[in-house]
Amino acid sequence: MMELNDLITSVNNAVWGYVLIAALVGCGIWFTIKTRFVQFRMVGEMLRLLTDSAVDTIDNQVGEKGHEVRRKHISSFQAFAVSVATRVGTGNLAGVASAIAIGGPGTVFWMWVIALIGAATAFVESTLAQLFKQRHKDSFIGGPAYYIQRGLHQRWMAILFAILITCQFGLSNNSIQANTICGAMQEAFGWSPAWVGGILAATALFIVFGGIQRIAQVSVVLVPMMAIGYVVLAFVIIVLNVEQIPHVLKVIVLNAFGIEQIAGGSIGAAIMNGVRRGLFSNEAGEGSAPNVAATASVSHPVKQGLVQSLGVFTDTLLVCSCTAFIILISGLYQVPELNGIALTQSAMQSEVGAVGPIFVAVAIFLFAFSSIIGNYYYGEANIRFITPNATVMTVYRIFSAGVMIIFGALASFELVWNIVDFFMAFLTACNLTAIVLLGRYVFRLLDDYRKQKKQGIKEPVFHRSQIPELEHELECWE
């Protein structure tokens, strides 16, 4: 097992290097410029859209009793909640801690950078997902595999993406969530990882067999509760240590550029770990959030692009920053033996006492469990893209919500993170290629949305005839 872990580590270092990092940053800057800084200029509109209700649609078909068939759709906020459920998870607690332990405090700065420019990338990919979405039996369905096939007409590339995202989110990512939950529970309560993993798997299997409607219902309850509770506690800790904030910010900035070396960090380690963990946490450009963004029923594709862009800010600038500040205030990031969720728990304990590890254990359960059910859906949407075979879907559900959770509960911290980094690199490269080639359609959609808003139209509407060259490729937007 150790040899496998070493091999994957070597591949990850070679693949990530500075090429993929440059691609992520370059695409983020390009999309920021082409959208005229949409992630900053339209924050107010993003917040307003969270209150949008789902647009009720009627299919062009007749039911058994001669009635028109109405589809059940999820709202912008529900789609936002499911995507945030997958973003806000172990990356925010264990991932941030791991990045700081390996690359030093400067990783926090690079996480902020990748979030600020990555929000534009998130806007582009989620708008494309809405544009090319298709009808499904109980909701819309879509994502990068769909816009690659319909927009680029490259079936092989679409299938490649579908396989990669299923391996990344539906399988390996769920092992990380389980690994972190079990580690936190063992640290706080002494519970056996095998028992915790078994209970997790049984609960997850029950939920995922209920489909996206059940996933959305669970996420709408869990996500606000877990995020608010964690942020409130973090805010209290920061306020009680407000005199240390200037020093913490100084350490972050100096270490980010290699000016001051702390905990053995270097500028290379800070950048690589900051970008890698920032991407794992906010997923901007990875091609995951578009899968759930496509399920929302809205009047214009840009709406869901804006909502998903807000999700990047929520994840990294708010939740990840909370974890980083707690760890840096405690000073425990300089202890070599501490890493991952154990570092976060120890930092919390140093600030609030013995209740700290217990609170983190409960928080990570809520964060990571909601990520598990959201991750599962990403795989489901892409399995359906490859094949409609019900048996294949059943096997996937068992592996995603069962086998991989048990594997994650029993595997080492290093192995599960290395496997995720491996798939994340190739998945991101595939999606970035597609959205760069298709971005021109998003720029046109954004211009149309802004034009309608300037005309006083509160709820802009899109019709597929507005992009004549794609009219026959778009199944929705009649």
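Residues take their numbers from the sequence shown, with the count starting at 1.
Here the OG1-CG distance, from T127 to L306, works out to 6.5 Å after rounding to the nearest 0.5 Å. Between F462 atom CZ and S299 atom OG the span is 11.5 Å, to the nearest 0.5 Å. To the nearest 0.5 Å, atom CD1 of residue I358 and atom CE of residue M185 are 10.5 Å apart. Here CZ of F385 is found 12.0 Å from CD1 of I165. Values are rounded to the nearest 0.5 Å. Taking OG of S126 as the reference point, atom CG of L310 lies at 11.5 Å (rounded to 0.5 Å). The CG atom of L470 sits 6.5 Å away from atom CG of L131, with the distance rounded to the nearest 0.5 Å.
Under the 3.5 Å distance criterion, the side-chain polar atoms of E125 are left unmatched by any main-chain donor or acceptor of I435. Judged purely by atom type and a 3.5 angstrom limit, N431 uses its side chain to pair as donor or acceptor with the backbone of G285. Not one N or O on the side chain of E351 forms a donor-acceptor pair closer than 3.5 Å with the backbone of I237. A donor-acceptor pair is defined here as one N or O able to donate and one able to accept, closer than 3.5 Å; such a pair exists between the side chain of T295 and the backbone of V292. For the pair S330 (side chain) and I327 (backbone), a donor-acceptor distance under 3.5 Å is present. Side-chain N or O atoms of T107 include one that pairs as donor or acceptor with a backbone N or O of G104 at under 3.5 Å. Looking at Q130, its side chain never comes within 3.5 Å of a backbone N or O of P301 through a donor-acceptor pair. S309 places no side-chain N or O within donor-acceptor distance of the main-chain N or O of G305, the cut-off being under 3.5 Å. Under the 3.5 Å distance criterion, the side-chain polar atoms of S172 are matched with a main-chain donor or acceptor of C167. Remark: side-chain polar atoms of N291 are paired, donor with acceptor, to backbone N or O of G287 under 3.5 angstrom.
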(request) Apply side chain to side chain contact (heavy atoms under 4.5 Å, CB included) to T121 and L432, showing your working. (result) CA-CA 9 Å; T121 306; L432 287 179; 4.3 Å; yes
(request) Test S297 against F140 for side chain to side chain contact (heavy atoms under 4.5 Å, CB included), laying out the working first. (result) CA-CA 8 Å; S297 182; F140 292 118; 3.9 Å; yes
(request) Show your reasoning for whether side chain to side chain donor-acceptor pair (under 3.5 Å) applies to N174 and S400. (result) CA-CA 7 Å; N174 274 357; S400 177; 3.2 Å; yes
(request) Apply ring-ring contact (aromatic ring centres under 6.0 Å, His included) to the pair F169 and F423, showing each step before the final yes or no. (result) CA-CA 9 Å; F169 281 87; F423 286 112; over 10 Å; no
(message) Assess the residue pair K133 and L474 against the criterion (side chain to side chain contact (heavy atoms under 4.5 Å, CB included)); give the C-alpha distance rounded to whole Å, side-chain angles, the decisive distance to 0.1 Å, and a yes or no.
(response) CA-CA 8 Å; K133 67 184 179 182; L474 304 182; over 6 Å; no
(message) Determine whether E45 and K303 satisfy the following criterion, salt bridge (Lys or Arg N to Asp or Glu O under 4.0 Å), listing intermediate values before the conclusion.
(response) CA-CA 9 Å; E45 182 71 358; K303 286 186 173 184; over 6 Å; no
(request) Step by step, work out the salt bridge (Lys or Arg N to Asp or Glu O under 4.0 Å) result for R397 and E380. (result) CA-CA 8 Å; R397 284 172 175 164; E380 176 187 294; 3.6 Å; yes
(request) May I have the step-by-step check of side chain to side chain contact (heavy atoms under 4.5 Å, CB included) for F161 and L164, ending in yes or no? (result) CA-CA 5 Å; F161 178 89; L164 287 172; 5.7 Å; no
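When all heavy atoms are compared, the tightest approach of Q345 to P357 is NE2-O, 3.1 Å. For the pair I405 and G197, the tightest heavy-atom approach, listed with the atom from each and the gap, is CG2-O, 3.6 Å. Here the closest non-hydrogen pair linking V312 and A115 is CG1-O, 3.5 Å. Nearest heavy atoms, P460 versus K453: CG-CD, 3.6 Å. Of all heavy-atom pairs between Y146 and R384, the closest is OH-C, 4.3 Å. Scanning both residues, Q308 and Q304, for their nearest heavy atoms gives NE2-NE2, 2.7 Å.
Side-chain contact between M424 and D421 is present, with heavy atoms from C-beta onward closer than 4.5 Å. Looking only at side-chain heavy atoms (C-beta outward), Q149 and M157 stay at 4.5 Å or farther from each other. Contact check for I326 versus M348: side-chain heavy atoms found under the 4.5 Å cut-off. Within the 4.5 Å cutoff, the side chain of Y333 has heavy atoms near those of the P105 side chain. Proximity of N241 to F325: side-chain heavy atoms (C-beta onward) are nowhere separated by under 4.5 Å. Contact annotation: the side chain of H300 never approaches that of E459 to less than 4.5 Å [non-hydrogen atoms, C-beta and beyond]. At least one side-chain heavy atom of C27 sits less than 4.5 Å from a side-chain heavy atom of V436.
Residues satisfying the ring-ring contact (aromatic ring centres under 6.0 Å, His included) test with Y441, not counting sequence neighbours, are none.
Shown here is F399, whose CZ atom has no more than 12 heavy atoms of other residues, nucleotides or ligands within 6.0 Å. No more than 12 heavy atoms of other residues, nucleotides or ligands sit less than 6.0 Å from atom CZ of F235.
Each of Q452, R444, R450 was scored for a side-chain hydrogen bond (donor to acceptor under 3.5 Å, both in side chains) with D448, with one residue passing: Q452. Considering I419, N179, L171 in turn, I419 is the only one that fulfils the side-chain contact (heavy atoms from CB on, under 4.5 Å) rule with F407.
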Table please: side-chain donor-acceptor pairs of residues 30-38 below 3.5 Å, with sequence neighbours left out.
{"residue": "T32", "atom": "OG1", "partner": "G28", "partner atom": "O", "Å": "2.7"}
{"residue": "T32", "atom": "OG1", "partner": "Q39", "partner atom": "NE2", "Å": "2.9"}
{"residue": "T35", "atom": "OG1", "partner": "F31", "partner atom": "O", "Å": "2.6"}
{"residue": "T35", "atom": "OG1", "partner": "T32", "partner atom": "O", "Å": "3.4"}
{"residue": "R36", "atom": "NH2", "partner": "D447", "partner atom": "OD1", "Å": "2.9"}

